Amino acid sequence: MTDLALPSSSTSLRTMAGIEARRLARHPAFIIGNVLGFGVLVLMAVLDDAPAFGDVLSTPVVAAFFIGLPTLIATARLTRSTEATAEALGTAPGTEADRTKALALACLVPFAAGLLWLGLLLVVTVTESVHPNEWWFGTMPDWQVWSILIALVPVACLGGGVLGVLTGRWMRFPGAPAVMVVAVVVVTMVGQLPVAYESASELRLWVPWAMWHSGSDSANGTADLLAGNPFFYLLYLLCLCAAAALVAMWHDRSARTRRLRFAIVGVTVVGLACLALSMTTGSSENQRSEPIPFQVDK
């Protein structure tokens, strides 16, 4: 008997994914989120009155908030609308698991938007240069800088989309996407509390969006680079994305095969290992920059 968890062909899956990608790209929440995300970045570059562009490693919160969270709402609503259409017509291409795969692949659209946003950030950084609190450019390995930027921008946007698919599959009550958005924001904010305790700031890394840079302190002109291993944190976030997609597929009873079960367990184990390594390797303590003259003078 043919395994119903698999698409009828790779061609049909690509076709379905293309359809869902176009639907996502046209969704009002996704469009508005991108307009705000790119608009805020441009305004920050234009209106910044400092000698150079501001805290580059703390800026990615703009993309995660304005692109990632609206994408969550968009993909959750698309997931529910796809199933509502299938129920109304009495038929739909592929199985529910196939449609979930297509929706998950469509989340490459917000991933691409995140990459574009990151590219614009780097263009602004090169054009405007960076002010002295970006001391890590000369002291921090490039792989750590890239790991932080990729994790907090394109992967965060991808994660918002996949989490929306998971929400649409498992949460059926009205307003579920909004509830999930609030939950993500609250969990992320609460998860940053260990930052206040310098000896345990790495405990913040279990959240789906973790701070790595404190931003400049206007009181004394310093900035903190927080403890942990950014590369393993990036891998941990990718595992979260994969786990969300697999658990969304699990909603289809016909897809609950041994292979899918092993995949979920495997991704969970690898994700937990990456989380442990992100907390126990890399910088073991926060690093503080020298005071920034123009900040202190204020």
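Given the structure is predicted, the values throughout are model-derived calculations rather than measurements.
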Novice: Hey, could you give me the CD1/CD1 distance between I73 and I32, rounded to the nearest 0.5 Å?
Specialist: 10.0 Å

Novice: Please tell me if the side chains of P110 and L24 come closer than 4.5 Å, counting only heavy atoms from C-beta onward.
Specialist: yes

Novice: Please list, one pair per line, the donor and acceptor atoms closer than 3.5 Å that link side chains of residues 239-251 to other protein atoms, with sequence neighbours excluded.
Specialist:
from, atom 1, to, atom 2, distance (Å)
H251, ND1, E96, OE2, 2.7
H251, NE2, R169, O, 3.1
H251, NE2, R172, NH2, 3.3

Novice: Please give me the minimum heavy-atom distance between C107 and L158, naming the atom from each residue.
Specialist: O-CD1, 3.5 Å

Novice: Considering the options V186, T188, V187, which one meets the side chain to side chain contact (heavy atoms under 4.5 Å, CB included) requirement together with V190?
Specialist: V186

Novice: For residues F231 and V270: do they belong to one hydrophobic cluster (side chain heavy atoms under 4.5 Å, members Ile, Leu, Val, Met, Phe, Trp, Tyr)?
Specialist: no

Novice: Determine, stepwise, if the pair N229 / L277 fulfils side chain to side chain contact (heavy atoms under 4.5 Å, CB included).
Specialist: CA-CA 7 Å; N229 188 314; L277 289 170; over 6 Å; no

Novice: So does W170 have more than 12 non-hydrogen atoms from other groups sitting under 6.0 Å from CH2?
Specialist: yes

Novice: Dump the intermediate steps for side chain to side chain contact (heavy atoms under 4.5 Å, CB included) on V265 and T268, then the final yes or no.
Specialist: CA-CA 5 Å; V265 172; T268 301; 5.7 Å; no

Novice: Spell out, yes or no, whether L57 and L115 are grouped together once hydrophobic residues are joined by side-chain heavy atoms under 4.5 Å, including indirect joins.
Specialist: yes

Novice: Membership question, hydrophobic clusters at under 4.5 Å side-chain separation (ILVMFWY): are V162 and L72 in the same one?
Specialist: yes

Novice: I need the N34 CG to F66 CZ distance, nearest 0.5 Å.
Specialist: 12.0 Å

Novice: Decide yes or no for W117 and T59: does some side-chain heavy atom of the first lie under 4.5 Å from some side-chain heavy atom of the second?
Specialist: yes

Novice: Between the main-chain N or O of A227 and the side-chain N or O of R204, is there a donor-acceptor pair closer than 3.5 Å?
Specialist: yes

Novice: Without swapping roles, check the side chain of Y233 against the backbone of G228 for a donor-acceptor pair under 3.5 Å.
Specialist: no

Novice: With rounding to the nearest 0.5 angstrom, report the CZ to OG distance, F232 to S147.
Specialist: 10.0 Å

Novice: Measure the OG1-CG distance between T75 and L163 for me, rounded to the nearest 0.5 Å.
Specialist: 7.5 Å

Novice: Is there a path of hydrophobic side-chain contacts, each under 4.5 Å between heavy atoms, that joins V207 and L272?
Specialist: no

Novice: Side chains of S81 and R23: is there a donor and an acceptor less than 3.5 Å apart?
Specialist: yes

Novice: Are the side chain of Q192 and the backbone N or O of M211 linked by a donor-acceptor pair below 3.5 Å?
Specialist: yes

Novice: Using side-chain heavy atoms (C-beta onward) and a distance below 4.5 Å, is L226 in contact with H213?
Specialist: no

Novice: How about R256 and D252: do any of their side-chain heavy atoms sit closer than 4.5 Å?
Specialist: no

Novice: Would the distance check show the side chain of W212 and the main-chain N or O of L225 forming a donor-acceptor pair, the cut-off being under 3.5 Å?
Specialist: no

Novice: Same hydrophobic cluster for F38 and F30, using side-chain heavy-atom links shorter than 4.5 Å among ILVMFWY?
Specialist: no

Novice: State, with a plain yes or no, whether a side-chain heavy atom of E20 is found less than 4.5 Å away from one of L105.
Specialist: no

Novice: Which value, rounded to the nearest 0.5 Å, describes the distance between L166 atom CG and M171 atom CE?
Specialist: 9.0 Å

Novice: Can you tell me how far apart CD1 (I67) and SG (C157) are? Round to the nearest 0.5 Å.
Specialist: 4.5 Å

Novice: Without swapping roles, check the side chain of W209 against the backbone of V61 for a donor-acceptor pair under 3.5 Å.
Specialist: no

Novice: What residues, two or more places apart in sequence or in another chain, satisfy salt bridge (charged side-chain N to carboxylate O under 4.0 Å, His left out) together with R77?
Specialist: none

